[in-house]
Amino acid sequence: MHNAAFAALGLDWRYLAFEVAPDNLRAAIEGAKVMGFAGLNLTVPHKLLAVTMVDALDESARVWGAVNTVRFEGRTANSGWLPPGHFDKDPPVETRTVGFNTDADALVNSLREDLQLELSGKKVLLLGAGGAGRTAALRLAAENVSALFLVNRTFSKILEIQHEIRQKFPAVYVGLDYPTPPHSEIDLILNATSLGLKSDDPLPLDEKLFSLKQTAAVYDMIYRPAATPLLQAAHAAGCRTANGLGMLLHQGAKAFEIWTGQPAPLAVMRQALEQNIYGR
Ligand code: ATR
């Protein structure tokens, strides 16, 4: 999606993928900096590690505690810190790395765009409490959901998230189980577990404890396959459904804007994603 976007804007930039072992992350960031990269995206398992490895944290990375986007900034003898693309004639005398998080807002954008869901006052059942689940829980709380029900295989992780939300967003009710009366009807089930990636995975939801008929919408962060068993079951139960492609798109679009300083060509990026991931 990034290469399609660069081409659409006539930028001679390239987006490349590199596999980096966690032990080499610091060296990889430094290496990219001295080679004049404009920026980086980081994915599992680097997002938490990078928080301690960048020179400065944008508010987004500080609030959500994870870095998925890095921008290399430079300073000339007579300028402040500037983003990439300003140093064709006058090379920077100093460079620094700045960490951002574009995942958290991307979820809210995608829920709004793909499920027509405004989160304020809504009741949400969140499945999963790994890196993606934790960020989602905090972001939903910041959006003033009225109640958040957390379910995860490892209980200690949802306890920690409950504690963090109670401190930062005390108005949000946080339950540590499936919703029970008086919360029999909810607005959204959000899957942030990895269940559904493999064809023989069980559903991330225990339908004996909570029925898909009790929710208006289901969002699965997984985008490959396009329709996980959870989304298929949700569709059959009459729910509005969406997969994680919109989240992938919006985190990328925001990163694009952070690096280039230009509005991301969203339609071009979405089409490139759909073609690459679904072949259509
Ligand atoms: P990510 O960064 O994508 O969130 P992660 O941190 O590895 O990845 O989180 C994976 C999530 O899927 C976790 O909630 C994990 O549950 P645990 O916290 O108990 O590990 C959940 N998950 C993975 N495999 C699972 C399985 N077989 N059954 C239930 N939950 C599972």
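Because the structure is predicted, anything quoted here is derived from the model rather than measured. We're numbering straight along the sequence, starting at 1. Whatever order the structure lists them in is the order used to number ligands and atoms, beginning at 1.
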[X] side chain to [Y] backbone, donor-acceptor under 3.5 Å:
X: Glu274; Y: Arg280; result: no
X: Asn243; Y: Ala226; result: yes
X: Tyr178; Y: Glu207; result: no
X: Asn101; Y: Asn68; result: no

Could you tell me, atom by atom, which parts of ligand 1 come under 4.0 Å of a heavy atom of [X]?
X: Val44; answer: 2 (O)
X: Lys157; answer: 17 (P), 18 (O), 20 (O)
X: Thr154; answer: 17 (P), 18 (O), 19 (O), 20 (O)
X: Gly128; answer: 14 (O)

Taking atom 19 (O) of ligand 1 as the reference point, report whether a protein heavy atom occurs under 4.0 Å from it. yes
For [atom], grab the closest protein heavy atom and report residue, atom and distance to one decimal in Å.
atom: atom 23 (C) of ligand 1; answer: Ser194 OG, 3.1 Å
atom: atom 9 (O) of ligand 1; answer: Gly130 CA, 3.4 Å
atom: atom 6 (O) of ligand 1; answer: Gly131 N, 3.0 Å

Checking heavy-atom distances from atom 29 (C) of ligand 1 to each of Thr193, Asn152, Leu195, the winner is Leu195
Hey, looking at atom 31 (C) of ligand 1, which of Arg153, Arg134, Lys47 has the closest heavy atom?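 Nearest option to atom 31 (C) of ligand 1, by heavy atoms: Arg153.
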Salt bridge flag under 4.0 Å for residues Lys33 and Asp55: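 Result for this pair is yes, salt bridge flagged.
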Salt bridge between Lys168 and Glu164, side-chain N to carboxylate O under 4.0 Å?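 Judged by the 4.0 Å cut-off on N to carboxylate O distance, Lys168 and Glu164 do form a salt bridge.
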Geometric class of the Trp13/Phe6 ring pair [parallel <30°, tilted 30-60°, perpendicular >60°]: tilted
Please determine if Ala192 has a nitrogen or oxygen closer than 3.5 Å to a nitrogen or oxygen of ligand 1. no
Judging by distance only, is a nitrogen or oxygen of Ala132 under 3.5 angstrom from one on ligand 1? yes
Would you say CZ of Arg166 has more than 12 non-hydrogen atoms from neighbouring residues, nucleotides or ligands within 6.0 angstrom?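 Counting other residues, nucleotides and ligands, CZ of Arg166 stays at 12 neighbours or fewer.
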